[in-house]
Amino acid sequence: MTQAAELPAWAALLAALLLLLGAGLTLTGALGLLRLGTFYERVHAPTLGTTLGIGCVLLASMLFFSVLQTRPVLHEVLIAVFMVVTTPVTMMLLTRAALYRDRREGNDAVPPAPSAIGAARPEG
Amino acid sequence: MRRWLPFPLVAAALLAMWLLLNESVSPGAILLGGMASLGACLVLVALDPPKGRFRRLRVVLGLAVKVLAEIIRSNNAVARLILRPGERQRRSGFVLIPLDMRNPYGLAALACIVTATPGTVWVEYDSTRSTMLLHVLDLIDEAQWRQIIKDHYERPLMEVFE
Amino acid sequence: MSAALLGWSVLLAQLMLGLAMACAAFRVLRGPRAQDRVLALDTLYVTAAVLLLVFGIRTGSTLYFEAALVITLLGFVSTAALAKFLMRGEVIE
């Protein structure tokens, strides 16, 4: 932490707050992975880390480097954009895969396939 | 114009990405990034994606603000649910929601919004009956969720994409 | 004073993220089913990216940003491929 001494107090405080908030939310999401009972409940937990968790840390990083280098450092926006676009896709794919597996095994806890044709269709 | 710049929005987004990655707005970076994004758009023409339209920027901005507020609110709600000590009466379950929207881009945007919000996950879409299956972590009232999805997200998305 | 506060916050954030990775790793080992493991692996990826960003703040170097970017992209591709594999039993059809 050699550079932090050059940071004005307001930026250091704000960055510290954002860091703790982001890390805390990510930890809460990971704890949810342990605490929640079924897969379909657990799928909701990591979303905490992938939305506000990483968002707060990215904001802290942007603030820290922008103030430190006295120029706008915005490339963290790229990670935010990638996360926004990719996380829902992986979550949906994973949920659908889980639903497909549960249906194939005749698990009662999941809703039945919308139509017999829909379930047997190779692509979906 | 249409021939040389078939996807203006995609080209602009790619150029912005290039400039952010290079961390410079020098003429050289803009020239190289512009050429790369134009080339990528020409490749996209060969892939022939389905036609879509994107309009009413004000609706888009309003929707973005609403989604951000909803993400912050449900982050708080889900964090409370996880951290609350001991088991309590909480019911999670699936909700079947009929949709009026048919546009694939609109449906994709709706899926991303719903899944990015903690507490709700888009599970599947049945194109023959045009219904979506939603999984909700803290399900209290199914009719309320149908109303929320239709009023808050589907209507503005239909204005933007259809 | 504020610099020391930021230093301690960075340390605390790293500890919390390490704990989060431990939770996710436990779920990867524990299962019980394949989809649980893949979900936990995805969480592990994202947490690693966040941890790298915090490392970047700690050292004041922007090099960590590229590593975090690569991790998020690779994590997306691998999770998508694994989900596809769970559904079909093969990745490329």
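Residue numbers begin at 1 in each chain, while the letters A, B, ... track the order of the sequences.
The candidate with the highest count of non-hydrogen atom pairs below 4.5 Å against chain A, out of B/Thr120, B/Leu96, B/Asn22, is B/Thr120. Among the candidates A/Met83, A/His75, A/Glu76, A/Arg71, the residue making the largest number of heavy-atom pairs closer than 4.5 Å to chain B is A/His75. Between chain B and the residues A/Leu94, A/Val85, A/Leu48, the most heavy-atom pairs under 4.5 angstrom are made by A/Leu48. Ranked by non-hydrogen atom pairs under 4.5 Å with chain B, the options A/Leu52, A/Val77, A/Thr95 are led by A/Leu52.
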Which is it for A/Phe82 and B/Met17 under the side-chain contact (heavy atoms from CB on, under 4.5 Å) test, yes or no, and what are the steps along the way?
-> CA-CA 11 Å; A/Phe82 281 137; B/Met17 196 182 107; 4.1 Å; yes
**OP:** Tell me, with the steps shown, if A/Val43 and B/His135 meet side-chain contact (heavy atoms from CB on, under 4.5 Å).
**Re:** CA-CA 10 Å; A/Val43 123; B/His135 188 266; 5.9 Å; no
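Counting all heavy atoms, side chain and backbone alike, A/Arg35 lies closest to B/Ile82 at NE-O, 2.9 Å. Closest of all the heavy-atom pairs between B/Val136 and A/His44 is C-NE2, 4.1 Å.
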Side-chain atoms of residues 13-34 of chain A: list all donor-acceptor pairs with protein atoms under 3.5 Å, sequence neighbours left out, distances to 0.1 Å.
from, atom 1, to, atom 2, distance (Å)
A/Thr26, OG1, A/Gly22, O, 2.8
A/Thr28, OG1, A/Gly24, O, 2.7

For residues 110-117 of chain B, tabulate all N or O donor-acceptor pairs below 3.5 Å that involve a side-chain atom, not counting sequence neighbours.
from, atom 1, to, atom 2, distance (Å)
B/Thr115, OG1, B/Ala111, O, 2.7
B/Thr117, OG1, B/Ile113, O, 2.8

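Only the side chain of A/Leu36 comes within contact range of chain B, judged by heavy atoms closer than 4.5 Å. If you measure heavy-atom distances from B/Ile72 to chain A, the contacts under 4.5 Å come from both the backbone and the side chain.
Between A/Tyr40 and B/Phe94, the two ring planes are perpendicular [angle over 60°; tilted spans 30° to 60°].
Separation of atoms CG (B/Leu20) and CG (A/Leu78) is listed at 4.5 Å; rounding is to 0.5 Å. Atoms CG and CZ, on B/Leu137 and A/Arg42 in that order, are 12.0 Å from each other to the nearest 0.5 Å.
With a 6.0 Å radius and a threshold of 12 heavy atoms from other residues, nucleotides or ligands, B/Arg102 has its CZ atom above the threshold.
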